[in-house]
Amino acid sequence: MLTKKTLLSSALSLGLLTHFSAHAETFDFVEKQANNIDTLVVFQAGENASSALNKLDKQSKQQISNALALQEFTGEKKQIVEILMPNGIDAKRLVVMGVGEQAELTPGEVNKLGAEITAHFNGIEVKDIQVLTDGISDATSNASFAAELAHGINLRAYKFDKYFSEKKPAEKNYIIAVDAAKDTDKLYTQLAAIEQGVFLARDLTSETPTEMTPVDFAKAAKELKKLGVKVTVLEPKKIAKLGMGALHAVGRGSEEGARLVVAHWEGNDDAPIALVGKGITFDSGGYNIKASGDSISRMKSDMAGAAAVLGAVKAMALQKADVNVVAVMPMAANMVSETALAPGDVLMTAEGLSVEVLNTDAEGRLILADGMWYAREYYKPQVMVDVATLTGSKVRALGKRYTAVFSEDDALVDELTFSGQTVDEKLWRLPLAYDDLLKSPIADLKNAGFGGPGATTAAVFLQQFTGDTKWAHLDIAGSALAAKDKGVTPAGGTGHGVRLLSNWLMTQSK
């Protein structure tokens with residue numbers, strides 16, 4: 001029988017995890033209820049108790065239904081009632097969870113139910129948990145419900161505990177009773193691969209800035225070679241030689257300089273899909289230095305776009321996905337020094353467009369410009385999607401619960417939006433406009449469009465470097481770090497974007 005522990009054993013032996021974090025729980029999918037289990041979990045969909053719950057209620061001589069009525073349990077989504085020492089049942093603890101209407105259960109919604117199970121058992125000393133899914137399905141099937149539930153449990157159970165003196169508690173083992181164990185195993189195998197991509201992105205984003213420089217990020221990317229991923233790292237001299245003056249200039253303020261990291265999973269012979277991720281490992285703002293306080297302490301997460309696209313490549317490689325995807329990650333630390341980029345400088349990009357730098361804190365678009373050129377020039381992609389914590393303006397426009405998407409291709413926006421809705425990493429389209437605000441008196445462009453909506457002017461700047469390639473820009477600002485546990489995301493790096501991109505990539509496979 002396939003379990004998560006079995007699935008990942010070969011990967012662990014190859015040292016593919018960064019070992020920064022505790023990576024959670026194990027799962028067994030079975031077709032019969034186990035005996036001698038201390039804890040049971042069972043479900044109710046709205047007013048309709050599942051067949052498993054009805055059976056247990058009869059065994060308890062209606063103690064369960066009486067307890068639920070007393071607690072005014074209606075089966076609403078994420079509603080939980082716990083019953084200790086239930087009559088006539090071989091368990092010390094019974095947890096009844098509401099799932100709402102089954103027809104409305106998207107994968108993302110089921111993931112959140114799983115996350116609530118993790119949250120409920122957090123701090124409780126219980127090792128083996130039996131989950132009875134009899135009579136419950138999502139909009140697809142019982143197997144899908146069970147696999148997505150396990151996925152949500154594990155996404156929330158992750159913890160970045162490298163710097164804690166007291167590590168995460170021992171993992172819990174979930175025995176999940178399903179209608180078809182083999183079908184559930186197969187579905188969860190894919191989801192477990194995506195989890196590993198999410199965990200990698202979370203590890204990289206949560207790490208401290210002095211321990212996650214462009215060089216450190218490149219080392220982490222090289223670990224994926226063991227999965228068959230082709231990894232290339234360009235150093236400052238090569239970056240300058242290729243004419244990537246914008247990337248080179250942003251990296252100039254740090255001792256190590258910039259890197260361009262490329263990770264290519266060539267799962268088929270199609271023209272590749274290019275994912276370009278912003279990789280600012282720490283953003284001081286440069287000479288336009290950021291205000292001190294909480295905001296600057298979070299700037300270790302300004303490489304979350306690069307972490308997300310690398311995580312998506314790992315997710316594809318682990319499951320040997322039938323897709324050709326290349327992640328291009330321009331990496332730099334935006335620091336202040338005697339060699340740093342200065343306001344008023346003019347840079348030459350590899351595209352051949354000159355850029356007047358009005359604000360050194362608008363550096364992400366500079367490195368992405370050269371990264372997008374490299375992806376087009378060397379990989380001739382059929383489509384290109386960039387992912388970046390790009391603007392505070394995006395947070396002011398949409399908050400943290402939506403990612404902004406910019407593109408002139410309606411079909412591409414629809415595809416990405418559908419994937420975001422499916423996994424609950426939602427997108428909202430914003431306009432590409434105000435290009436006149438980027439005109440400079442001494443260069444082809446300026447890097448800040450003062451007077452306009454900042455998320456849009458940043459996106460329009462990037463649009464100048466897309467050529468004829470079908471393209472979308474995802475601004476994930478505000479979504480890279482979580483201040484507290486919520487839903488499938490524990491506090492710290494979120495890995496936001498990995499699930500969305502993975503779902504979308506899988507729909508592009510043959």
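If you're wondering where the values come from, they're calculated on a predicted model, not measured in any experiment.
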Practice problem: Using distance alone, with no hydrogens and no angle criterion, decide if His496 and Thr489 have a side-chain donor and acceptor under 3.5 Å apart. | Solution: no
Quiz item: CG of Leu462 to CE of Met384: how many Å apart, nearest 0.5 Å?
Solution: 9.0 Å
Quiz item: So, does Ser284 use its side chain to make a donor-acceptor pair with the main chain of Gly286 at under 3.5 Å?
Solution: yes
Quiz prompt | Point-to-point distance, once rounded to the nearest 0.5 Å, from CG of Leu260 to CD1 of Ile367 | solution = 9.5 Å
Quiz item: Quick one: does Asn503's side chain have a donor or acceptor within less than 3.5 Å of a partner on Val423's backbone?
Solution: no
Self-check item: Close side-chain approach of Lys314 and Leu318, heavy atoms under 4.5 Å
Solution: yes
Quiz item: So, the side chain of Arg156 versus the backbone of Gly487: is there a donor-acceptor pair under 3.5 Å, distance only?
Solution: yes
Self-check item: Lys/Arg N to Asp/Glu carboxylate O, Asp302 vs Lys300, below 4.0 Å
Solution: no
Practice problem: Please assess Glu256 against Thr213 for the test side chain to side chain donor-acceptor pair (under 3.5 Å), listing each intermediate value before the final yes or no. | Solution: CA-CA 8 Å; Glu256 292 178 342; Thr213 67; 2.9 Å; yes
Self-check item: Ile476 CD1 to Thr389 OG1 distance, which is reported to the nearest 0.5 Å
Solution: 6.0 Å
Exercise. Assess whether atom OH of Tyr287 is packed by more than 12 heavy atoms of other residues, nucleotides or ligands within 6.0 Å.
Key: yes
Quiz item: Are there more than 12 heavy atoms of other residues, nucleotides or ligands under 6.0 Å from atom NZ of Lys380?
Solution: yes
Quiz item: Can you find a pair of side-chain heavy atoms, one from Met244 and one from Trp373, that are under 4.5 Å apart?
Solution: yes
Self-check item: Heavy-atom side-chain proximity of Asp444 to Val355 below 4.5 angstrom
Solution: no
Quiz item: Do Leu247 and Leu366 come close enough that some side-chain heavy atom pair is under 4.5 Å?
Solution: no
Quiz item: Rounded to the nearest 0.5 Å, what separation is found between the CG atom of Leu368 and the CZ atom of Arg365?
Solution: 9.5 Å
Quiz prompt | Spacing of Ser301 atom OG and Leu204 atom CG [to the nearest 0.5 Å] | solution = 12.5 Å
Practice problem: Specify the closest pair of heavy atoms between Met212 and Asp216, including all atoms of both residues, with the distance to one decimal. | Solution: N-OD2, 3.6 Å
Quiz prompt | Check against salt bridge (charged side-chain N to carboxylate O under 4.0 Å, His left out), Lys230 and Glu266 | solution = CA-CA 8 Å; Lys230 299 175 184 177; Glu266 200 168 1; 2.8 Å; yes
Quiz prompt | Lys/Arg N to Asp/Glu carboxylate O, Lys112 vs Glu109, below 4.0 Å | solution = yes
Quiz prompt | Min side-chain heavy-atom separation Met329-Val233 under 4.5 Å | solution = no
Quiz prompt | Side-chain donor or acceptor of Arg259 paired with backbone N/O of Met331 under 3.5 Å | solution = no
Practice problem: For Glu363 and Lys278, run salt bridge (charged side-chain N to carboxylate O under 4.0 Å, His left out): C-alpha distance rounded to whole Å, both residues' side-chain angles, the deciding distance at 0.1 Å, then the answer. | Solution: CA-CA 10 Å; Glu363 84 299 328; Lys278 174 188 170 184; 3.7 Å; yes
Quiz item: Looking only at side chains, do Asn268 and Asn324 share a donor and an acceptor under 3.5 Å apart?
Solution: no
Self-check item: Axial cation check for Tyr158 ring with Arg202, 6.0 Å and 45° limits
Solution: yes
Quiz item: Which word best sums up how the rings of Tyr379 and His264 line up, parallel for under 30°, tilted for 30 to 60°, or perpendicular for over 60°?
Solution: perpendicular
Quiz item: Does Asn447 use its side chain to pair, donor to acceptor, with the backbone of Ala362 at less than 3.5 Å?
Solution: yes
Exercise. Using modelled atom types only, decide if a donor and an acceptor are shared between the side chain of Glu25 and the backbone of Asn154 within a distance under 3.5 Å.
Key: no
Quiz item: Does Ala455 offer a backbone N or O that forms a donor-acceptor pair with the side chain of Ser393 under 3.5 Å?
Solution: yes
Quiz item: Does Asn359 reach the main-chain N or O of Ala448 with its side chain, forming a donor-acceptor pair under 3.5 Å?
Solution: no
Quiz prompt | Verdict with reasoning, Lys77 to Glu101, per salt bridge (charged side-chain N to carboxylate O under 4.0 Å, His left out) | solution = CA-CA 8 Å; Lys77 198 176 297 179; Glu101 296 301 321; over 6 Å; no
Quiz prompt | Lys/Arg-Asp/Glu bridge criterion (N-O < 4.0 Å) met for Lys162, Glu207 | solution = yes
Practice problem: Please assess Asp414 against Arg429 for the test salt bridge (charged side-chain N to carboxylate O under 4.0 Å, His left out), listing each intermediate value before the final yes or no. | Solution: CA-CA 10 Å; Asp414 287 346; Arg429 192 177 193 177; 5.9 Å; no
Quiz item: Within a radius of less than 6.0 Å around NZ of Lys400, do more than 12 heavy atoms belonging to other residues, nucleotides or ligands occur?
Solution: no
Quiz prompt | Closest contact, heavy atoms only, Leu390 versus Ala477 | solution = N-CB, 4.1 Å
Practice problem: With side-chain contact (heavy atoms from CB on, under 4.5 Å) as the test, would you mind laying out the steps for Thr456 and Phe461 before giving the verdict? | Solution: CA-CA 9 Å; Thr456 284; Phe461 179 91; over 6 Å; no
Self-check item: Any Asp361 side-chain heavy atom under 4.5 Å of Asp283 side chain
Solution: yes
Quiz item: Looking at Ala375 and Val276, what are the two nearest heavy atoms and their distance?
Solution: CB-CG2, 4.1 Å
Practice problem: Step through it carefully: locate the ring centre of Phe160, locate the ring centre of Phe164, and say whether they are under 6.0 Å apart. | Solution: no
Quiz item: Going through the distances and angles, do Trp471 and Asp409 end up as a side-chain contact (heavy atoms from CB on, under 4.5 Å)?
Solution: CA-CA 7 Å; Trp471 161 79; Asp409 191 292; over 6 Å; no
Quiz item: Any side-chain heavy-atom pair from Leu275 and Leu505 closer than 4.5 angstrom?
Solution: yes
Quiz item: If you count the non-hydrogen atoms of other residues, nucleotides and ligands that lie under 6.0 Å from CZ in Phe282, is the total more than 12?
Solution: yes
Exercise. With side chain to side chain donor-acceptor pair (under 3.5 Å) as the test, would you mind laying out the steps for Asp475 and Thr391 before giving the verdict?
Key: CA-CA 7 Å; Asp475 191 337; Thr391 64; 2.7 Å; yes
Self-check item: Least distance between heavy atoms, Ala139 atom then Ala103 atom
Solution: CB-O, 3.8 Å
Self-check item: Straight-line distance of Met299 CE to Lys290 NZ, nearest 0.5 Å
Solution: 5.0 Å
Practice problem: Looking only at non-hydrogen atoms, find the nearest pair between Ala317 and Val229 and report the distance. | Solution: CB-CG2, 3.6 Å
Self-check item: Derivation and outcome, side-chain contact (heavy atoms from CB on, under 4.5 Å), residues Glu377 and Leu242
Solution: CA-CA 11 Å; Glu377 182 71 14; Leu242 290 175; over 6 Å; no
Quiz prompt | Tyr163 versus Glu211, side-chain donor and acceptor atoms under 3.5 Å | solution = no
Quiz item: Sub-3.5 Å donor-acceptor pair from the side chain of Asp138 to the main-chain atoms of Ser141, do we have one?
Solution: yes
Self-check item: Note, Val460 side chain near Thr457 side chain (heavy atom, < 4.5 Å)
Solution: no
Practice problem: Keeping the roles fixed (side chain from Glu425, backbone from Gly497), state whether a donor-acceptor pair exists under 3.5 Å. | Solution: yes
Quiz item: Given the rule in the side-chain contact (heavy atoms from CB on, under 4.5 Å) test, do Leu427 and Tyr402 qualify, once you have shown the distances and angles that lead to the verdict?
Solution: CA-CA 5 Å; Leu427 303 184; Tyr402 284 84; over 6 Å; no
Quiz item: What is the ring orientation for Tyr374 with Tyr378, classed by angle as parallel under 30°, tilted 30 to 60°, or perpendicular over 60°?
Solution: parallel
